[in-house]
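Shown next, in structure tokens, is the structure this report addresses.
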Amino acid sequence: MEDGERSRLLVSRKDSVKCGTSSMANAYFNFTNSIIGSGLIGLPFSLAQAGLPLGMLLLFLVALITDYSIILLIKGGKLSGTHSYQALVHGTFGFVGFMILSVLQFLYPFIAMISYNIITGDTMTKVFQTIPGVGSGSFLSSRHFVIVISTVFFTGPLSLYRDVAQLGKVSLVSMVLTLAIVITVVVRAVTLGPQIPLSQDAWVFARWNAVQAVGVMAFAFICHHNSFMIYESLPEPSLRNWSCVTHGSVGSAALVSAVFAVAGYATFTGFTQGDIFENYCKNDILATFGRFCYGLSIITTFPLECFVTREVVSNVFYNGALSNTVHIIVTLAIISAVTAISLFYDCLGVVLELNGVVSATPLIFIIPSACFLKLSGGNWFQRKRLIPGLILTIGVCVMIIGLVMTALYAQDCSHGAEMFYCKITDSSGPTFSTDSRVLQSINATQNISIF
């Protein structure tokens, strides 16, 4: 690093940003919770798209790029003297860049919150149906009722907090629930996996639609829209402290994601759905426990995304300052819009793929690298600029190819349908049907391998 750049990055105590009220541990929990959101549930499907070996390589590559670009983002903020993602892009690319980022930064968490509500409606209704006396006609079996109740009594009140540090303990609870989910999927991989027939070329190295898998993975790992907010919540905001939080959070998320993805894919191979819990039979008791934990985890993650959408609105329309009254009005307007859309749309897989390609990929790959390249100056072939330049190029390719492939080969939505191997007999567990004609027809496009 050149001396001029080093001096700009080493901000003195007097010139540093205002110290936050969060501890390092709370920042770690908040950041990890922000990463491990609804995208986790689609990772087994991404391995079905890419092939297990190539999918794992891509998963860790996306994690490494995420870790690198998050730190790059904060470095860009220090180089430009800005303290938010939007201010960084505005200072680097002007008003046009600011508006493009604002749209993307609003769109990603907004769509993520829609996916959270879809998951809550899908998972919790199946949990309630296991309660004696709760049938398919009960109000507890209505996804609309469950989404409204969770919004009114849980996600809505939590989203009204003004300080993200206040969600530290809630994020810890969410991480514990996520651990329980991973354990559930791993256990069922061992106990249920041998009973599920393998799809054709289940263990092939690579498949032709691996680029779509990168979109799902990008959706799972994106947390850049929260970066400045959590960075400034640190008691001593510095690159060293931020690097520790980033490495810990992304590393933990990558480990959890890898275990979850492999366990889920190994259980169902090529029959894996965009929502992994759609693969489990309705009377699978352990899977129902996993659904319950994941539903609660998603409810506790929702407020973090609402914080970001509200901050975008605040920066664009209110110059970064919201009065208490406007704060409440904006929050309620965002939550109401999210709830209304999620009540009328319920196909999770398409939401994950599209949000990953359109929103997550630019926010992870393209924009942080472009900002750093423009701010740092110098020759394109300097060592410090090679990696950001490579990441930017990869991001543009993934976005274009992924968008085309998502449009041409959109995932079928199997919301609420039992898989072909499920035949409900009693509450003790599922039995399985292996009709060869069904085996040949399901996920046919995923059975086209490269090698």
Side-chain angles (χ1 to χ4, degrees), residues 35-36 39-72 182 185-186 189 193 198-224 246-247 249-272 274 276 349 352-353 356-357 360-366 368-369 386-403 405-406 409 411 443 445-451:
I35 301 172
I36 305 177
L40 179 70
I41 208 169
L43 288 178
F45 177 69
S46 70
L47 297 188
Q49 290 179 306
L52 179 60
L54 179 60
M56 289 305 298
L57 291 175
L58 290 174
L59 183 67
F60 285 112
L61 177 62
V62 171
L64 285 172
I65 292 176
T66 300
D67 183 277
Y68 182 86
S69 62
I70 290 168
I71 296 175
L72 204 63
V182 173
V185 173
V186 170
L198 293 176
S199 62
Q200 182 182 351
D201 294 331
W203 310 116
V204 70
F205 181 84
R207 297 189 188 279
W208 65 278
N209 49 347
V211 176
Q212 285 178 276
V214 175
V216 176
M217 293 171 186
F219 179 89
F221 275 95
I222 185 172
C223 48
H224 299 58
T246 300
H247 296 329
S249 297
V250 176
S252 299
L255 179 61
V256 170
S257 298
V259 172
F260 185 86
V262 171
Y265 177 77
T267 306
F268 305 106
T269 59
F271 307 116
T272 305
I276 188 64
L352 297 182
E353 284 188 10
V357 171
T361 300
L363 289 172
I364 291 179
F365 293 80
I366 300 174
S369 299
L386 286 178
I387 296 180
L390 179 62
I391 292 175
L392 187 149
T393 304
I394 293 173
V396 172
C397 293
V398 168
M399 183 177 179
I400 295 174
I401 298 173
L403 185 60
M405 294 187 68
T406 299
Y409 307 102
Q411 179 200 354
N443 289 351
T445 59
Q446 293 177 16
N447 293 330
I448 303 174
S449 60
I450 299 175
F451 50 88

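All figures in this text were calculated on a predicted structure; none of them were measured in a lab.
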* Do T361 side-chain atoms and G356 backbone N/O form a donor-acceptor pair below 3.5 Å? -> yes
* Asked: Looking only at atom types and distance, does a side-chain atom of T269 sit under 3.5 Å from a main-chain N or O of S199, one as donor and one as acceptor?
  ->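 Yes; judged by distance alone, with no hydrogens or angles, the pair exists.
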* What residues form a side-chain contact (heavy atoms from CB on, under 4.5 Å) with L72, not counting sequence neighbours? -> Y68, S369, F372, P388
* Looking at residues at least two apart in the chain, or sitting in another chain, which of them share a side-chain contact (heavy atoms from CB on, under 4.5 Å) with A253? -> I35, I36, F221
Could you state the interatomic distance from [atom1] ([X]) to [atom2] ([Y]), rounded to the nearest 0.5 Å?
| X | Y | atom1 | atom2 | value |
| --- | --- | --- | --- | --- |
| I387 | S69 | CD1 | OG | 12.0 Å |
| F271 | Y265 | CZ | OH | 10.0 Å |
| L390 | F365 | CG | CZ | 10.5 Å |
| F260 | L255 | CZ | CG | 13.5 Å |
| I401 | L403 | CD1 | CG | 11.0 Å |
| T246 | I70 | OG1 | CD1 | 5.5 Å |

Taking all non-hydrogen atoms of both residues, which atom of [X] and which atom of [Y] are closest, and how far apart?
| X | Y | value |
| --- | --- | --- |
| V398 | V211 | O-CG1, 3.9 Å |
| I276 | P44 | CD1-CB, 4.0 Å |
| Q212 | M405 | NE2-O, 3.6 Å |
| S46 | M217 | OG-CE, 3.6 Å |
| D201 | R207 | O-NH2, 2.5 Å |
| T272 | A48 | CB-CB, 4.3 Å |

Kindly list each side-chain donor-acceptor pair under 3.5 angstrom involving residues 50-64, sequence neighbours excluded, with atom names and distances?
none

